[in-house]
Amino acid sequence: MRIGAHVRQDGDPIGFGEKLGADVIQMFVVDPQSWDKPKPHPLTAEIKASPIDVVVHSSYQINVASLNNRLRMPSRGAVAAQAAAAAELGAFGLVVHGGHVRKDDEIIEGILNWRKLFERQQDKGGFAVPILIENTAGGNHAMARHFDDIARLWEAVGDFGAGFCLDTCHAWAGGEELLGIVDRIKAITGRIDLVHLNSSRDAFDSGADRHANLADGTIDTELLVEVCKAVGDAPIVLETPAEGVAEDLAFLREQVG
Ligand SMILES: [Zn+2]
């Protein structure tokens, strides 16, 4: 089983991964709160040559579902640019949050914007790496919080080869039961390409997105272990608070290898 964690992109991401004993690392390619354009990483050759697998998480500003042109247009550009930067690092995918529309907007409009993202990029030869759409925790106008909305999203984007990233904290806080979740999501998407294995600081269906270390959160660790066992060969990435990541990783190694 390939297990690892999100690591800092500045400095030596592979070195951080090695120190943790990770098989896989996740990193940003820009400051995640910014609209910066990705620059080549100084350690590109090392990252690409390393046996540690790499996946890139896109920046938080991105919302390709938005009905606001001034947000959606730069979001489309940022996804393409960050996918290209991910390919430079040899990453196997770019994680993008499902995004949301405003409260007076229809979810289906946001879903159609996701479809347009793929349609337009197809004309340019597609994205440089697979796009992995991640479920999110909050809001009532999210594309990928409730699984019935994910089903509608997948009808629109599944044909384009979109991948799926399952975040356990987001599912729990979003109000989706973790028991049997791997089968339920696979029945919709046909695939899980990556797991973000996180516990939550908040209650089930709270709508809050606050990750916790596995031993400290509100999610029963047995449920988290079950997700890892059920998911087959999809890599597992911890996005838990840095001070407890090594312990979380050791726990997973002991439970699932
Ligand atoms: Zn996540």
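When a ligand or atom number is given, it counts from 1 through the structure's own listing order. Keep in mind that what you see is a predicted model, and the values were worked out from it rather than measured.
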A.B. asks: Do any of the N, O or S atoms of His196 sit under 2.8 Å from the Zn ion (ligand 1)?
C.D. replies: yes
A.B. asks: Please find the N/O/S atom of Glu239 nearest to the Zn ion (ligand 1) and write down its name.
C.D. replies: OE1
A.B. asks: Hey, which N, O or S atom on Glu134 ends up closest to the Zn ion (ligand 1)?
C.D. replies: OE2
A.B. asks: Can you tell whether the side chains of Asp105 and Arg102 come within less than 4.0 Å, N to carboxylate O?
C.D. replies: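 Yes, this pair counts.
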A.B. asks: Can we say Asp149 and Arg152 salt-bridge, meaning some charged N sits less than 4.0 Å from an Asp/Glu carboxylate O?
C.D. replies: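 Counted as a salt bridge, because a side-chain N and a carboxylate O are separated by less than 4.0 Å.
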A.B. asks: To make sure I understand the geometry: which N, O or S atom in Asp167 is closest to the Zn ion (ligand 1)?
C.D. replies: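 Result for Asp167 and the Zn ion (ligand 1): OD2.
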A.B. asks: Does either side chain, that of Asp248 or that of Asn213, offer a donor lying less than 3.5 Å from an acceptor on the other one?
C.D. replies: yes
A.B. asks: Between His211 and His6, is the ring centre distance below 6.0 Å?
C.D. replies: no
